[in-house]
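Please read the structure below before turning to the comments.
Just follow the structure's listing: the first ligand is 1, and inside any ligand the first atom is 1. If you read the sequence from its start, that first residue is 1, and numbering goes on from there.
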Amino acid sequence: MRLQAPAVSSLSLWLLAAAVTAAPPAANYDESKIAPYTLPDPLVCSDGTPVRDPATWRTRRRPEILALLSTQEYGRMPAPPPGLHFEAPRVDSNALGGTATRKQVRILFSDRPGGPSMDLLLYIPKDRPRPAPAFLGLNFYGNHSIHPDPGIDLNTNWMRDNKEFGVANNRATEASRGVRANRWPVERILARGFALATAYYGDIDPDFDDGFKNGAHALWPAPPDAPRPPDAPGAITAWAWGLSRAMDYLQTDPDIDARHVAVMGHSRLGKTSLWAGATDERFAIVISNNSGCGGAALHRRDFGEQIRHITRAFPHWFCPAFSAYVDREAELPFDQHMLIALVAPRPVYIASAEEDRWADPRGEFLAAKAADPVYRLLGTPGLPATDMPPINSPSSGTIGYHIRDGKHDVTDYDWDRYMDFADKHWRAQP
Ligand code: GCU
């Protein structure tokens, strides 16, 4: 017994040490502990040339920032696939009690049978003239999860198990219908005259690290027996690419006003909507809901989730080069205000939630504010608020921002603000 005791205790010490090594590094939640930082100036080129006019922004600085984010954070954006095509939409013009037209369209990313594809679900309001302006967003649990409408196809692709949502053995079941309806107020959106288009993000790229083989990644094979290039597209780029393919379809749909499509996303899909809006200027409004680290939040503020956490938990979201910035945020040649600035002069809306401290609400506001000089240079009002607005008091210019009460989520309050924002900009410029 006496001999065994030290062995047991060194084993437990080893286990403790292993657990400590494997534990996610701590996050800071104390404002007073954030080290001072200086943001790169979005209006100064890498060689020091100041950007004093829209043309220099457009022809020099904007492409430079886009290249930095492509090579250092998300990975380069692949071109549209040559084999892209759409199946004929399946239409029910009497959906939701006769108030909407429901369309389901398979978007095929290649002409290879069994190749990757994405199913787009659309609801178009019936009591307004068409084409209708639209919100487009990816969903986390399949199109059937956004509304109990039994006419929505049940997604059959890989999905993260979730007992509460009826997802078992990585597949959705009938019990999954409508489980996320709280985040998609379809009737409310239709009542205000907007169409809604959505697709399951896992159709484009299943959200787990499989070495970049499945989903759309199959279309962009890495060179054999070589490490992934530093700017190889990560999952956020793949999902954003999928949003652009949804836009390719929307441009062909006579019921949709493709010049008025707002791309909206929550959390990792909020990071994605910002990147989609930055890389594809067909998105007329870009909305980030609680996108946090790698989305709207500044990397240089050490508050909540940091690069050290996100690249460890989700190594497949970014390009390989991004990992070099773990605990070296000051060396980033950009910060997330420059991602937001890439949307300029198109309207962009950043939303935070009070209890969503992991996403650093203040860092999201400060990034929106730091994008303001670019918006102003381009002749728009930018973000009116000079300080972070109080809870539930939106500030709305060409940049919109709010922090609502409550947790990390998408609520009717958020949607109402997005629709107000779209009305304001699209009424002014029909
Ligand atoms: C995790 C991750 C966040 C992300 C969120 C989500 O919390 O750390 O960066 O936004 O998942 O997408 O739900």
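Taking F421 as the reference, Y349, H425 meet the ring pair (Phe, Tyr, Trp, His ring centres under 6.0 Å) condition, with sequence neighbours excluded.
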Enumerate, one pair per line, all nitrogen or oxygen atoms of ligand 1 lying under 3.5 Å from a protein nitrogen or oxygen, stating the separation to 0.1 Å; write 'none' if no such pair exists.
{"from": "ligand 1", "atom 1": "7 (O)", "to": "W358", "atom 2": "NE1", "distance (Å)": "3.2"}
{"from": "ligand 1", "atom 1": "8 (O)", "to": "E305", "atom 2": "OE1", "distance (Å)": "3.1"}
{"from": "ligand 1", "atom 1": "8 (O)", "to": "E305", "atom 2": "OE2", "distance (Å)": "2.5"}
{"from": "ligand 1", "atom 1": "8 (O)", "to": "W358", "atom 2": "NE1", "distance (Å)": "2.9"}
{"from": "ligand 1", "atom 1": "9 (O)", "to": "K271", "atom 2": "NZ", "distance (Å)": "2.8"}
{"from": "ligand 1", "atom 1": "9 (O)", "to": "E305", "atom 2": "OE1", "distance (Å)": "2.6"}
{"from": "ligand 1", "atom 1": "9 (O)", "to": "E305", "atom 2": "OE2", "distance (Å)": "3.4"}
{"from": "ligand 1", "atom 1": "10 (O)", "to": "S267", "atom 2": "OG", "distance (Å)": "2.7"}
{"from": "ligand 1", "atom 1": "10 (O)", "to": "R268", "atom 2": "N", "distance (Å)": "3.4"}
{"from": "ligand 1", "atom 1": "10 (O)", "to": "K271", "atom 2": "NZ", "distance (Å)": "3.1"}
{"from": "ligand 1", "atom 1": "11 (O)", "to": "R268", "atom 2": "NH2", "distance (Å)": "3.1"}
{"from": "ligand 1", "atom 1": "12 (O)", "to": "S267", "atom 2": "OG", "distance (Å)": "2.8"}
{"from": "ligand 1", "atom 1": "12 (O)", "to": "R268", "atom 2": "N", "distance (Å)": "2.8"}
{"from": "ligand 1", "atom 1": "12 (O)", "to": "R268", "atom 2": "NE", "distance (Å)": "2.5"}
{"from": "ligand 1", "atom 1": "12 (O)", "to": "R268", "atom 2": "NH2", "distance (Å)": "3.3"}
{"from": "ligand 1", "atom 1": "13 (O)", "to": "S267", "atom 2": "OG", "distance (Å)": "2.9"}
{"from": "ligand 1", "atom 1": "13 (O)", "to": "R268", "atom 2": "NH2", "distance (Å)": "3.3"}

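One side chain, D253 or Y249, offers a donor N or O that lies under 3.5 Å from an acceptor on the other. Between the side chains of D414 and H402, at least one donor-acceptor pair of N or O atoms lies under 3.5 Å.
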Would you tabulate the side-chain donor-acceptor contacts of residues 386-394 under 3.5 Å, counting partners in other chains and residues two or more places apart, or write 'none'?
{"from": "N392", "atom 1": "OD1", "to": "D405", "atom 2": "N", "distance (Å)": "3.0"}
{"from": "N392", "atom 1": "ND2", "to": "D405", "atom 2": "OD1", "distance (Å)": "2.9"}
{"from": "S393", "atom 1": "OG", "to": "I391", "atom 2": "O", "distance (Å)": "3.3"}

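A centroid separation of less than 6.0 Å is found between the aromatic rings of F322 and H299.
Sequence neighbours left out, the pairs with a member in residues 150-182 that pass ring-ring contact (aromatic ring centres under 6.0 Å, His included) are Y141-F165, W158-F208.
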